[in-house]
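Here is how names work: the chains are called A, B, and so on, in the same order as the sequence lines, proteins then strands, and each is numbered from 1. What's counted below: heavy atoms across the whole structure, side chains too, no hydrogens, waters or symmetry copies.
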Amino acid sequence: MGYGGRMSRFSFLGWPVVRQFRSGDPLGRGEAVTSPRTRAITPRTTTADRVVQSVCPYCAVGCGQRVFVKDEKVVQIEGDPDSPISRGRLCPKGSASEQLVNAPGRQTKVLYRAPYAKDWQQLDLDTAIEMVADRFLEARRNKWQQTDGQGRPLRRTMGIAGLGGATLDNEENYLIKKLFTAAGAIQLENQARI
Amino acid sequence: MANADCIVIQGSNMAECHPVGYQWVTEARARGAKVIHVDPRFTRTSAVADKHVPIRAGSDVVLLGALINYVISNELWFKEYVLAYTNAATLVGEDFRDTEDLDGLFSGYDPGTGQYDLTSWAYERKEGAEATGGYEHGADTAARAAGHQYGSGGPPIGNPRFEQDRTLEHPRSVFQILKRHYARYTPEMVREACGISPEDFDYLARTITENSGRDRTTCFAYAVGWTQHTLGAQFIRTAAILQLLLGNVGRPGGGVMALRGHASIQGSTDIPTLFNLLPGYLPMPNAGMETLQQYLDAIASPTQKGYWAAADTYTISLLKAWWGDAANEDSEWGYQYLPRITGAHGTYETVMSMLDDEVEGYFLFGQNPAVGSAHGRMQRLGMSHLKWLVVRDLNLIESATWWKDGPEIASGELKTEDIATEVFFLPAATHVEKAGSFTQTQRMLQWRHQAVRPPGDCQSELEFFYELGKRIRAKLADSTDERDRPLLDLTWDYPVDEHGEPDAEAVLAEINGRHLTGPQAGRPLSSYTEMRADGSTSGGCWIYTGVYADGINHAADRKPQQEQGLVAPEWGWVWPSNRRILYNRASADPDGKPWSERKKYIWWDPEQNRWTGDDVPDFPVDLAPGTPSDLDAGGAAALAGDDPFIMQSDGKGWLFAPKGMVDGPLPTHYEPQESPVANPLYRQQQNPARLTYPRADNLSAPSAGEPGSEVYPYVFTTYRLTEHHTAGGMSRWLPYLSELQPELFCEVSPELAAERGLEPYGWATIISPRSAIEARVLVTERVKPLVVSGRTFHQIGLPYHWGVGQDAVVSGDAVNDLLGVTLDPNVQIQESKAGSCDIIPGRRPRGAALLSLIAEYQTRAGVTPETGNQKLTGPGRASGHETKEN
Ligand code: SF4
């Protein structure tokens with residue numbers, strides 16, 4: 001069916017509108033708008049090593065996604081036609097989510113800003129978690145409230161707060177709530193309040 | 001929604017904010033359903049609706065109340081449904097006074113505290129049927145009855161033996177009270193308050209009522225256009241009352257659908273990272289609940305009807321999941337390990353505590369309050385008071401960098417070298433770099449499989465918090481301090497993979513719960529009805545029980561839609577018990593027959609003696625229609641065959657809420673905190689029970705013709721765009737999305753542009769009593785001036801995704817900086833859908849001159865911390881305590 005040969009010399013048959021109708025592609029969305037270059041391209045989706053089922057991380061519609069992975073890198077994310085919610089569709093945000101993973105500006109290193117410092121410095125992850133654990137316990141102690149004015153138990157700390165959660169997994173929220181509650185850190189909130 | 005015959009989208013721009021979900025609206029419309037969009041702005045939702053009805057932001061209760069009035073006065077309510085399934089016939093006690101009697105207040109208001117005592121809102125008990133024990137109905141203090149203290153069952157009202165009048169004629173019947181309450185909510189009032197013409201109102205009223213009843217159903221959809229108000233919870237209640245009257249609850253194509261904005265925002269309330277809740281809508285205990293028994297008594301009565309009566313089994317199973325063997329009968333199942341709340345500790349209170357140096361450390365996980373929360377300046381200044389801040393995100397969001405490039409650095413209010421706050425930025429994993437479940441807006445849990453490992457130092461929250469918990473526990477290992485026992489006795493041992501990532505499925509299994517003793521020990525629970533209060537079961541979130549039934553992760557069920565019917569029960573898992581429509585017993589008539597062939601969903605099969613149908617019945621499966629209530633039994637056993645509202649303590653849908661709402665048993669129209677319009681219904685201008693924060697850094701504009709109100713003559717309303725996500729943390733760093741929507745703009749009408757000399761595509765500065773921002777001008781007829789109370793009235797639309805910083809691909813002023821903090825008393829959500837402002841051409845001043853501009857406006861308007869913060873503006877204002885009835 002190719003037009004390549006014919007396109008090499010001028011022919012009215014190569015005019016786009018004629019091409020569209022001749023090739024049974026009246027809307028000009030298929031064969032009629034291909035070129036030798038586009039025909040030589042294979043979609044990233046066909047060369048992927050594996051496809052993993054996922055869900056869009058933006059809004060709460062919960063569109064199904066298929067994540068295409070090659071050489072342990074995400075190469076494409078598309079809508080999942082099997083999903084009864086989205087039937088294969090994604091909006092601009094869901095369609096852009098491959099860039100969420102591979103965005104050039106994404107931070108992949110721990111950064112630390114010391115008190116009064118003018119800029120960030122690097123810090124290794126293990127040290128950072130250790131420092132946070134120490135500060136957590138200190139703040140918990142400093143602002144501990146054992147009882148209220150009437151002597152009723154409160155056993156809580158007002159020294160620690162948390163905000164987040166609406167794009168986290170249920171399992172993550174569960175562990176966060178469990179840990180904060182056991183530590184007596186009641187000031188835990190998320191986007192649902194906003 | 002695809003089954004609806006009429007869809008009213010109000011307080012939401014669904015086509016742009018939930019684009020893929022909108023295909024179901026389009027599909028319903030293609031089948032002939034009418035779609036009506038009620039919104040201040042004409043948006044792409046309006047463009048594809050049958051009709052757009054412009055409304056003044058914040059006046060929705062007037063419109064919905066007028067629809068209720070229309071339905072009642074024209075006898076268009078669904079009589080059999082209302083009589084059988086709602087509390088219309090129940091009598092309210094003699095002491096109740098309505099806002100119609102008290103000019104905008106209900107009985108029980110205490111001007112001293114600004115709160116209601118709910119005693120007088122109680123149902124009238126049958127003679128000799130006094131509640132026993134601690135279940136005295138209606139007699140609690142308002143503080144205890146605060147909306148945030150109840151779980152999914154709402155407040156307990158004790159044994160439901162109440163006086164009724166099945167003719168609905170008794171003046172104290174809920175039906176008659178409702179009728180009187182909304183009698184002045186007329187089409188004329190709608191024109192006056194909402195700016196909606198009588199013709200548009202008539203179209204709306206006719207379309208809704210013609211598409212409700214046995215054969216047809218109407219669905220309402222809302223989003224934060226309803227919640228972000230000082231009476232947001234009441235907006236939703238008004239729609240729920242209307243839907244109950246029309247018989248549109250529990251049926252296919254009916255309901256009031258919340259369109260939630262975040263992938264798992266539903267999940268984050270089910271398993272809450274919220275101060276006032278434990279998983280499964282169990283309330284956090286408050287200081288008054290000193291023992292487990294007191295806690296259980298306060299949240300549920302074993303003599304009430306329905307599944308909430310078993311709250312003790314849910315609570316004790318949760319405590320077992322968290323504290324294992326340490327949760328035993330002698331330790332009150334570990335109840336004393338739970339911290340107690342004393343009033344509100346919401347995110348805005350917390351920020352104010354930061355300013356008072358009461359909070360030392362703050363974790364942000366996937367949240368950008370410097371841009372996304374109301375009153376950005378207060379947020380950023382609050383953070384500058386912290387000792388330490390941990391930001392866990394994908395990108396260097398503004399909440400991580402305010403100390404070097406925030407607006408307060410530019411204005412000179414803060415100097416980087418003076419800020420003592422330590423900041424940790426810990427990179428997070430994306431949704432494809434970890435496994436776990438999201439709960440979407442229809443309560444469906446969907447599992448994501450891990451596709452790749454997170455790069456560099458990036459970690460999931462699961463891994464980070466598990467690790468943090470392990471280290472905290474290790475550091476306390478030798479502690480003998482009693483306060484450390486809850487951490488040390490915590491069940492905190494999950495299997496990890498070779499990279500240290502905890503197994504999310506093991507966490508899901510704990511959430512689901514298991515049998516701990518007996519022949520089934522170790523087996524996952526298959527339903528919350530298997531939970532026991534004797535320590536023989538565990539389960540971290542009772543409403544999720546069943547998601548891991550038989551040891552299978554049902555959130556990962558993925559039978560393709562092409563191989564299933566419309567309900568698609570084998571894709572994901574919907575709480576509770578994989579039921580797709582809640583209260584679906586109401587989809588059948590009292591005799592158990594479908595209301596109509598067309599709206600058939602769940603029905604009683606007399607041959608098999610059970611409920612059956614397209615969905616999982618949300619009802620005891622063998623409870624026959626016509627079965628009388630066994631009120632002595634309590635719990636599910638007390639339900640009658642026609643009590644579809646199985647979580648409500650009387651089994652009925654509540655037209656009138658005798659308890660549970662702290663600002664009134666019926667929704668009443670009040671103006672927003674800042675409004676150029678005087679409340680046309682009552683002398684009481686604003687919600688008298690709203691939470692106000694009169695502070696010099698949280699000023700409000702004068703309302704309705706008060707001196708100074710002309711300084712901020714316009715109303716702004718905030719919203720989102722398809723191409724961005726919330727505060728931009730997941731969109732403004734993406735080149736594609738940034739290119740699609742590069743810049744902040746304001747939408748203004750041609751009339752307003754002419755009035756203020758605004759040039760299309762030029763700059764405008766918008767000034768509120770809190771801040772001033774600049775935006776590009778988009779002059780468009782999509783924003784229509786409304787004539788309200790005889791005055792032309794301009795609204796300004798502002799998308800709020802941008803923020804000031806240097807790391808994002810695109811940045812801009814943060815619209816939320818314009819907002820102040822005044823909250824809904826039920827849910828403590830801020831009012832961000834309506835605020836007062838001025839708009840002038842040109843860019844805003846830079847540096848300290850910006851602060852001078854804001855101050856100049858404040859001075860000119862004469863605003864003080866008291867401005868707009870009087871709780872009472874009506875009859876009680878001068879006479880103080882006299883407004884407290886009886
Ligand atoms: S693709 Fe768009 S509509 Fe679908 S979940 Fe994502 S953000 Fe929502």
Side-chain angles (χ1 to χ4, degrees), chain A residues 52 54-55 57-58 60-63 67 69 72 82 84 86 89 91-92 96 99-101 103 105 107-111 113 115-116 118 125 133 135 139 148 152 154-156 159-176 179 182 184 186-190 192-193, chain B residues 18-21 260 262-263 265 267-269 271 273 275 287 339-340 345 347 350 359-363 365-367 388 417 420 423 425 427 430-432 436-438 440-441 446 448-449 451 455-457 461-462 465 469 471-472 486-487 490 504 507 560-561 568 571 723 725 733-734 736-737:
Chain A
V52 181
S54 193
V55 179
Y58 288 97
V61 172
C63 297
V67 182
V69 181
E72 295 309 311
D82 288 347
S86 55
R89 295 164 174 122
C91 81
Q99 250 183 12
L100 188 65
V101 184
Q107 283 298 319
T108 59
K109 289 273 165 270
V110 172
L111 294 175
R113 186 258 175 179
Y116 311 109
K118 295 198 100 156
L125 179 61
R135 281 156 185 70
D148 70 357
R152 299 178 300 187
L154 295 175
R155 48 174 325 133
R156 70 186 187 193
I160 303 167
L163 180 68
T167 45
L168 305 191
D169 300 345
N170 292 315
E171 296 74 19
E172 296 178 322
N173 282 330
Y174 180 77
L175 281 203
I176 294 169
L179 181 64
I186 57 169
Q187 299 169 109
L188 181 60
E189 288 275 282
N190 78 53
R193 183 86 62 206
Chain B
H18 299 86
V20 181
R260 313 206 61 173
H262 300 253
I265 196 155
S268 68
T269 35
I271 296 180
T273 42
F275 83 87
R340 309 294 151 84
H345 311 285
T347 181
T350 299
V359 182
E360 296 192 358
Y362 194 24
F363 289 88
F365 20 94
Q367 193 77 17
W388 51 272
E417 52 272 35
V423 187
F425 179 84
T430 65
H431 71 299
V432 297
S437 64
F438 284 151
Q440 56 81 275
T441 195
Q446 298 187 97
R448 300 182 333 274
H449 299 278
D457 293 337
E461 306 311 302
L462 203 64
F465 281 98
R471 295 203 194 190
I472 287 171
L487 278 167
L490 197 64
V507 180
Q561 48 108 1
W571 182 278
E723 296 80 6
H725 186 246
W733 273 260
L734 275 56
Y736 291 157
L737 296 175

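- Summarising the geometry, atom CZ belonging to B/Phe465 is positioned 9.5 Å from atom CG belonging to A/Leu175; distances are rounded to the nearest 0.5 Å.
- For A/Ala103, the part sitting under 4.5 Å from any heavy atom of chain B is the side chain, from C-beta outward, and nothing else.
- Counting only N and O atoms by type, the side chains of A/Asn170 and B/Ser437 include a donor and acceptor under 3.5 Å apart.
- Of the two parts of B/Leu490, only the side chain, counted from C-beta on, holds a non-hydrogen atom closer than 4.5 Å to a non-hydrogen atom of chain A.
- Counting heavy atoms from C-beta on, the side chains of B/Leu737 and A/Tyr58 come closer than 4.5 Å.
- Between the A/Glu189 side chain and the B/Phe275 main chain, a donor and an acceptor come within less than 3.5 Å of each other.
- Remark: the backbone N or O of B/Ala504 is not paired with any side-chain donor or acceptor of A/Glu171 at under 3.5 angstrom.
- Side-chain N or O atoms of A/Gln99 include one that pairs as donor or acceptor with a backbone N or O of B/Tyr736 at under 3.5 Å.
- Interface remark: of the candidates B/Gly267, B/Pro486, B/Gly456, B/Pro486 forms the most heavy-atom pairs closer than 4.5 Å to chain A.
- Applying the side chain to side chain donor-acceptor pair (under 3.5 Å) criterion to B/Arg448, with sequence neighbours excluded, gives A/Asp169.
- Ranked by heavy-atom pairs shorter than 4.5 Å toward chain A, the options B/Val423, B/Ile271, B/Val507 are led by B/Val423.
- Taking each heavy atom of B/Ala420 and A/Tyr116 in turn, the nearest pair found is CB-OH, 3.4 Å.
- Summarising the geometry, atom NZ belonging to A/Lys118 is positioned 4.0 Å from atom CD belonging to B/Glu417; distances are rounded to the nearest 0.5 Å.
- Atom CD1 in A/Ile160 sits 8.5 Å away from atom CD in B/Glu360 (nearest 0.5 Å).
- Without hydrogens or angle criteria, B/Thr273 side chain to A/Gly164 main chain gives a donor-acceptor distance under 3.5 Å.
- A/Val110 touches chain B through backbone and side chain together, each having a heavy atom under 4.5 Å away.
- Across all non-hydrogen atoms, the minimal contact from B/Ile472 to A/Ala133 is CG1-CB, 4.2 Å.
- Interatomic distance, CG of A/Leu168 versus CG of B/Leu462, reported as 10.0 Å (0.5 Å rounding).
- Counting heavy-atom pairs closer than 4.5 Å to chain A, the top-ranked of the candidates B/His431, B/His345, B/His449 is B/His431.
- Between the CG atom in A/Leu163 and the OG1 atom in B/Thr350 there is a gap of 9.0 Å [rounded to 0.5 Å].
- Of the listed residues (A/Val69, A/Val55, A/Asp148), the greatest number of heavy-atom pairs within a distance under 4.5 Å of chain B belongs to A/Val55.
- The shortest heavy-atom contact between B/Glu723 and A/Pro92 is CG-CB, 4.4 Å.
- In this structure, OG1 in B/Thr269 is found 9.5 Å from CG in A/Asn173, a value given to the nearest 0.5 Å.
- Across B/Pro339 and A/Arg155, no two heavy atoms sit closer than the pair CB-O, 3.4 Å.
- Annotation: maximal heavy-atom pairing with chain B below 4.5 Å, among A/Leu125, A/Val67, A/Leu100, occurs at A/Leu100.
- Scanning all heavy atoms of the two residues, the minimum distance from B/Val20 to A/Cys91 falls at CG2-N, 3.5 Å.
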